[in-house]
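Along the sequence shown, residues carry numbers from 1.
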Amino acid sequence: MQTAADAGDAAALLAAVPAGRRVALVDPRFVGHVHALRLGLTDPRFAAATVPGALTARPEARGALLRALRRTTAAVGAGAPVVAPDTDPAPEDRTVPGRIAVALEAEGTAVKRPELGSLTATVPTDAGARAAAESARDEVDDEAVRLRSAVKAHDGFFTTFAISPYSRYIARWCARRGLTPNQVTTASLITALVAAGAAATGTRGGYVAAGILLLVSFVLDCTDGQLARYSLQYSTMGAWLDATFDRAKEYAYYAGLAIGAVRGGDDVWVLALGAMVLQACRHVVDFSFNEANHDAVANTSPTAALSDKLDSVGWTVWARRMIVLPIGERWAMIAVLTALTTPRIVFYALLVGCSLAACYTTAGRLLRSLTRRASRTDRAAQALADLADSGTLAQGVAAVAPGLRGAFTAPAVALLGTLVMIGGALFLPYGSPLTVAAAVVYVVLSGLAVARPLKGALDWLVPPFFRAAEYVTILVLAARSDAPHAVPAAFGLVSAVAYHHYDTVYRIRGGTGAPPHWLVRTIGGHEGRTTLVAVLAAVLTHASGFTTALTALAVAVALVVLVESIRFWVSSSAPAVHDEGELA
């Protein structure tokens with residue numbers, strides 16, 4: 001820490017700091033809470049941030065900071081506000097850091113201003129103002145505010161009332177002992193995998209232990225995010241771990257339950273894979289709808305207005321959060337039913353609960369889309385195209401086919417292709433060449449669906465239809481096969497493909513775009529993989545051949561997507577965020 005005599009001296013001191021370091025300007029008269037400064041100066045997600053009397057810049061924003069500081073040194077000395085002629089007449093924060101923040105924004109550098117709530121951050125100009133500021137600071141418990149803000153604002157009922165009241169203190173305990181969110185995330189994963197192993201024993205004691213361990217894993221899952229917010233330890237690796245481990249934990253637990261059931265004489269692999277398919281399709285509905293609409297112009301509808309009105313009635317907020325069976329409620333249900341009943345009952349409950357939740361959320365999104373007068377952006381259309389995961393075959397059809405016109409044409413064609421593919425797998429004789437013909441029709445219709453930019457009111461349905469077609473086709477063909485262990489092999493294949501699809505979502509959310517085109521082409525795209533599985537089912541009719549092929553395909557897809565995903569998320573190009581997670 002160094003003290004500057006004036007703005008010019010501050011510029012010289014900042015210029016002398018090594019280029020790779022974050023720098024901060026703090027007015028020596030600052031009065032406020034330590035956590036207010038922490039929020040303004042230490043959050044790694046933003047290139048520049050400010051609170052009254054303090055400003056920080058990461059290395060990528062330091063050049064702009066120095067230019068603004070040098071440009072405005074004279075103006076600050078003269079006491080004139082540093083703003084562009086066509087902006088507001090003066091910044092609220094008239095200190096040097098406040099003026100520089102306005103100058104940075106006038107130049108085009110985004111400056112984050114965190115919400116401080118009851119926290120104090122001010123620069124008093126006289127003794128009376130200082131006394132008042134110090135009194136306001138002393139009246140608010142800095143640590144209590146910090147603990148409250150560590151809890152995610154919009155969480156499910158079970159998480160809010162059964163986990164967060166004490167998990168925040170676990171987060172503080174971890175912070176004071178130097179533990180990182182990534183370490184807690186990893187501990188949550190290991191605990192869930194141990195829970196899956198306990199469930200795989202197929203014994204009542206194993207099921208009870210599995211249920212308890214699953215709840216412990218969920219407590220740790222909540223703790224890692226709270227620790228990140230409490231200590232502002234956001235990272236690229238944390239974003240990747242937090243975004244993917246929830247799915248890995250849940251689906252590994254499904255597999256553990258299925259293995260345990262088989263040991264007890266009850267084969268529920270079809271139910272386990274069905275639960276995973278349903279959950280993954282639920283998520284892609286949410287992801288697609290949000291990507292299609294988050295930056296849409298004139299993004300309003302009567303349905304959305306009604307939803308906002310309902311949010312003003314307290315009990316409806318919790319009822320609507322619970323009805324979608326978010327992760328807290330879902331894991332609590334799984335844990336209790338595992339300990340008290342059988343894996344078959346667990347999966348029946350999951351399939352019924354998630355089906356009702358999917359109907360509720362999808363119906364709401366359809367109503368919003370049909371009543372909303374919105375213009376989708378090119379970015380939204382590109383995001384939907386990336387989520388569609390079209391491979392070489394569908395892209396080839398799209399390149400030569402004329403774009404079909406009509407507001408609902410793309411989702412209608414995608415739905416038709418999905419029905420043809422699933423219907424062929426379900427109703428045609430197993431191993432029939434006609435199933436391959438259905439796959440060819442699916443390829444053509446998939447290409448037609450994405451031949452035009454996905455900007456229609458319901459075009460966000462295209463990726464979910466493609467997910468359902470691929471996942472359900474794999475499930476049905478494996479279930480109808482006489483090959484031993486075909487469904488567990490299909491479970492592995494869907495797990496690998498689903499990881500790729502989740503990875504695509506979180507890359508788009510981070511603002512870095514979808515995985516590279518070579519990756520999508522290498523693993524075939526949704527239509528290529530679906531066609532390949534249909535061909536394998538038709539050709540490999542002898543015992544175990546289909547299982548071996550599905551296993552090899554699962555391993556190949558998993559290796560390619562995991563290597564590329566790990567390379568991306570540990571690289572410097574990945575966004576410094578900590579994913580807040582999905583309610584569902």
Heavy-atom pair with the smallest gap, counting every atom of [X] and [Y]:
| X | Y | result |
| --- | --- | --- |
| L232 | P44 | O-CD, 3.5 Å |
| V31 | R130 | CG2-NH1, 3.2 Å |
| V450 | A388 | CG1-CB, 4.3 Å |
| E291 | I508 | OE1-CG2, 3.6 Å |
| P52 | A121 | CB-O, 3.3 Å |
| T159 | G328 | OG1-CA, 3.8 Å |

Apply side chain to side chain contact (heavy atoms under 4.5 Å, CB included) to T244 and list each qualifying residue two or more places apart in sequence or on a separate chain.
->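 Partners of T244 under the side chain to side chain contact (heavy atoms under 4.5 Å, CB included) test: W240, Y499.
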
Distance-only polar pair, side chains of D386 and Q382, donor-acceptor under 3.5 Å =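 Judged by distance alone, the side chains do pair up.
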
Is the shortest side-chain heavy-atom distance between [X] and [Y] below 4.5 Å?
| X | Y | answer |
| --- | --- | --- |
| T50 | I100 | no |
| L55 | L104 | yes |
| V111 | R113 | yes |
| F289 | T362 | no |
| L39 | H35 | yes |
| D221 | K249 | yes |
| S565 | R507 | yes |
| R376 | D459 | no |

Mind checking the [atom1]-[atom2] spacing from [X] to [Y]? Nearest 0.5 Å is all I need.
| X | Y | atom1 | atom2 | answer |
| --- | --- | --- | --- | --- |
| L14 | L25 | CG | CG | 5.0 Å |
| T522 | H517 | OG1 | NE2 | 12.5 Å |
| L65 | E60 | CG | CD | 12.0 Å |
| E564 | D503 | CD | CG | 8.0 Å |
| R172 | S231 | CZ | OG | 13.0 Å |
| C174 | Y230 | SG | OH | 11.0 Å |

Examine distances only and state if a side-chain atom of [X] and a backbone atom of [Y] form a donor-acceptor pair shorter than 3.5 Å.
| X | Y | answer |
| --- | --- | --- |
| T109 | E105 | no |
| R467 | V285 | no |
| R168 | S164 | yes |
| R247 | A498 | no |
| R38 | D43 | no |
| R137 | D142 | no |
| H33 | V140 | yes |

Criterion side-chain contact (heavy atoms from CB on, under 4.5 Å) against I170, the qualifying member of V184, V219, I163, L227 |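 Of the listed options, the one satisfying the test is V219.
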
Taking the six-membered ring of F46 as reference, does the NZ or CZ atom of R58 fall below 6.0 Å from its centre and within a 45° cone about the axis?
->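 No - R58 does not lie over the ring of F46 by the 6.0 Å and 45° rule.
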
Yes or no on side-chain hydrogen bond (donor to acceptor under 3.5 Å, both in side chains) for T56 and R22, after CA distance, side-chain angles and deciding distance?
-> CA-CA 7 Å; T56 186; R22 174 199 288 267; 3.1 Å; yes

More than 12 heavy atoms of other residues, nucleotides or ligands under 6.0 Å from CZ of R177: is that the case?
->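 Count over threshold, so yes.
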
Does CD belonging to E115 count more than 12 external heavy atoms closer than 6.0 Å?
->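 Result for CD/E115: open.
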
Apply the test salt bridge (charged side-chain N to carboxylate O under 4.0 Å, His left out) to residues R146 and D141: give CA-CA distance (whole Å), side-chain angles for both, the deciding distance (0.1 Å), then the verdict.
-> CA-CA 9 Å; R146 189 181 181 190; D141 186 343; over 6 Å; no

Go through the steps to decide whether D286 and R282 satisfy the test salt bridge (charged side-chain N to carboxylate O under 4.0 Å, His left out), and finish with yes or no.
-> CA-CA 7 Å; D286 294 339; R282 280 187 64 199; 5.5 Å; no

Between I190 and T186, is a side-chain contact (heavy atoms from CB on, under 4.5 Å) present by the stated rule, with each step listed?
-> CA-CA 6 Å; I190 293 172; T186 303; 4.0 Å; yes

Checking side-chain contact (heavy atoms from CB on, under 4.5 Å) for the pair R330/Q279: CA distance, chi angles, key distance, verdict?
-> CA-CA 11 Å; R330 192 168 67 250; Q279 191 61 22; 3.2 Å; yes

Are D246 and E250 close enough, and set up right, to give a side-chain contact (heavy atoms from CB on, under 4.5 Å), and what steps lead you there?
-> CA-CA 6 Å; D246 279 354; E250 185 168 3; over 6 Å; no

Working for side-chain contact (heavy atoms from CB on, under 4.5 Å), residues S288 and L461 = CA-CA 7 Å; S288 292; L461 286 169; over 6 Å; no

Specify whether Y506 and F287 have parallel, tilted or perpendicular ring planes, treating 30° as the upper limit for parallel and 60° as the lower limit for perpendicular.
->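 Taking F287 first and then Y506, their aromatic rings stand perpendicular (interplane angle over 60°).
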
